[in-house]
Amino acid sequence: MTIISKDISKAIKVLNRDELVAIPTETVYGLAGNIFSEKAIKKIFSTKKRPFFNPLIVHLYNYKQLESIVSYIPPKAEKLAKSFWPGSLTLVLPKNNQIPDLVTAGKDTVAVRIPNHKLTLELLEKLNFPLAAPSANPFGSISPTSAHHVKSYFEGQIEMILDGGNCNAGIESTIVGFNGDEPIVYRLGSTSIEDIEQVIGNVTIQNRSEAKPVAPGMLSRHYAPKKQTYLVDDVSLFLKENSDKKIGLLLFTSNIDATNVIHTETLSLEGKLIEATQNLYAALHRLDSKEIDIIVCEKLPNVGLGKTINDRLERATKK
Ligand code: TXA
Ligand code: MG
């Protein structure tokens, strides 16, 4: 039995026993364990069926803690942390020897962030250790943005889900690493490139890499529904050409009528990208549970968070 509860003291007890608790963050739910417990970290990988070469993000509750786990903070990293933490930005920095190799997959860098969620910040502050937490979904599938999504994936496999409601931002954090002092974006996320560039100037984006990904979230097929999913420029045309199929639609703002459309999810009636981001994964979860043959998604405007959503949809539709 997996319990869903808001009780922080219960979560602390479970984590102190080297067991896992799914935690809410503003981006997506994480599958959390003590970074210093080999047992807990191994359990994160086995529960997610995640390959060991794919390192985890370490979650902290304040900036001071950062100094105790990294060996160097580039000036631009400090600027980003000061501007966006707590928040949906992950920094990849040179680690110090405190951090177990299991957490970083043997890399000499560690990914860190301070999440912006009241309940989880309170939990982190009360614990004697930071939490490693990848998104709380089986490797490759859609990330969870509610306690219920986590339960549907891991019922009976983890002891507890700390219930913090629906995730506000709705898409994973943006990941920024450094080549020396030069910032490189490894994963688009819910902090937009435009917002990052306002703080530190131009950044290089390097989020596509197949064979040996720097950040395995870069793997091309990822964030994927179980149903065959398509990302198209012209939804009406696609519907005409596939009139024999039962279709679930994911639209940005508009509504399209066609007889073979069984269910439609509209991300933001007012065309707001923040709202669309918030709704994206819940909409994909709902579509995936319908009696349909395929999911058809409309491309979003390629600016700000629209870029992040298109990135996720492209990966969701890769074969
Ligand atoms: O919003 C988020 O970031 C969520 C919440 C729970 O914090 N977490 C999350 O974790 O998305 P996960 O494990 O699903 O994605 C973390 C990504 C992976 O693609 C991993 O490869 C990359 O971060 N990563 C972790 N450590 C890294 C490192 N040292 N160098 C490069 N990439 C790293
Ligand atoms: Mg993930």
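When a ligand or atom number is given, it counts from 1 through the structure's own listing order.
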Which atoms of ligand 1 sit under 4.0 Å from any heavy atom of [X]?
| X | value |
| --- | --- |
| Gly30 | 6 (C) |
| Ala133 | 6 (C), 8 (N), 10 (O) |
| Asn54 | 18 (C), 20 (C), 21 (O) |
| Thr109 | 28 (C), 29 (N), 30 (N) |
| Ile57 | 3 (O), 8 (N), 9 (C), 10 (O), 16 (C) |

**Request:** Before signing off on this row, confirm whether Tyr186 and ligand 1 have an N or O atom pair separated by under 3.5 Å.
**Result:**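 There is no such contact.
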**Prompt:** If Ile, Leu, Val, Met, Phe, Trp and Tyr residues are connected whenever their side-chain heavy atoms lie under 4.5 Å apart, and connections chain through other members, are Ile57 and Leu131 in the same group?
**Reply:**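 In one cluster: no.
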**Message:** If you take the nearest heavy atom of each of Ser173, Pro115, Gly189, which one is closest to atom 2 (C) of ligand 1?
**Reply:**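 Among Ser173, Pro115, Gly189, the closest heavy atom to atom 2 (C) of ligand 1 belongs to Ser173.
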**Asked** Which option, Pro94, Gly177, Pro55, owns the non-hydrogen atom nearest atom 26 (N) of ligand 1?
**Response**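 Checking each option, the heavy atom nearest atom 26 (N) of ligand 1 is found in Pro55.
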**Prompt:** With Phe252, which of Leu269, Leu273, Thr266 fulfils side-chain contact (heavy atoms from CB on, under 4.5 Å)?
**Reply:**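 Going through Leu269, Leu273, Thr266 one by one, the side-chain contact (heavy atoms from CB on, under 4.5 Å) with Phe252 is satisfied by Leu273 alone.
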**Prompt:** Is the backbone N or O of Gly189 less than 3.5 Å from a side-chain atom of Glu172, with the two atoms forming a donor-acceptor pair by type?
**Reply:**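 Side chain of Glu172 to backbone of Gly189, a donor-acceptor pair under 3.5 Å: no, none is there.
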**Asked** What do you reckon, are the aromatic ring centroids of His149 and Phe154 less than 6.0 Å apart?
**Response**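 Ring-ring flag for His149/Phe154: false, centres at least 6.0 Å apart.
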**Message:** Counting only heavy atoms from other residues, nucleotides and ligands, does the tally under 6.0 Å from CD1 of Ile274 exceed 12?
**Reply:**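 Counting neighbours around CD1 of Ile274, 12 or fewer heavy atoms of other residues, nucleotides or ligands fall under 6.0 Å, so no.
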For ligand 1, which part of [X] has a heavy atom less than 4.0 Å away: the side chain, the backbone, both, or neither?
| X | answer |
| --- | --- |
| Lys107 | side chain |
| His117 | neither |
| Ile175 | side chain |

**Prompt:** Salt-bridged, Glu38 to Lys43, with N to O below 4.0 Å?
**Reply:**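 No, this pair does not count.
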**the Mg ion (ligand 2) - number of protein N/O/S atoms closer than 2.8 Å** =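 With waters ignored, the protein N/O/S count below 2.8 Å is 1.
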**Asked** When rounded to the nearest 0.5 angstrom, what is the spacing between SG in Cys297 and CZ in Phe238?
**Response**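 The distance works out to 10.0 Å.
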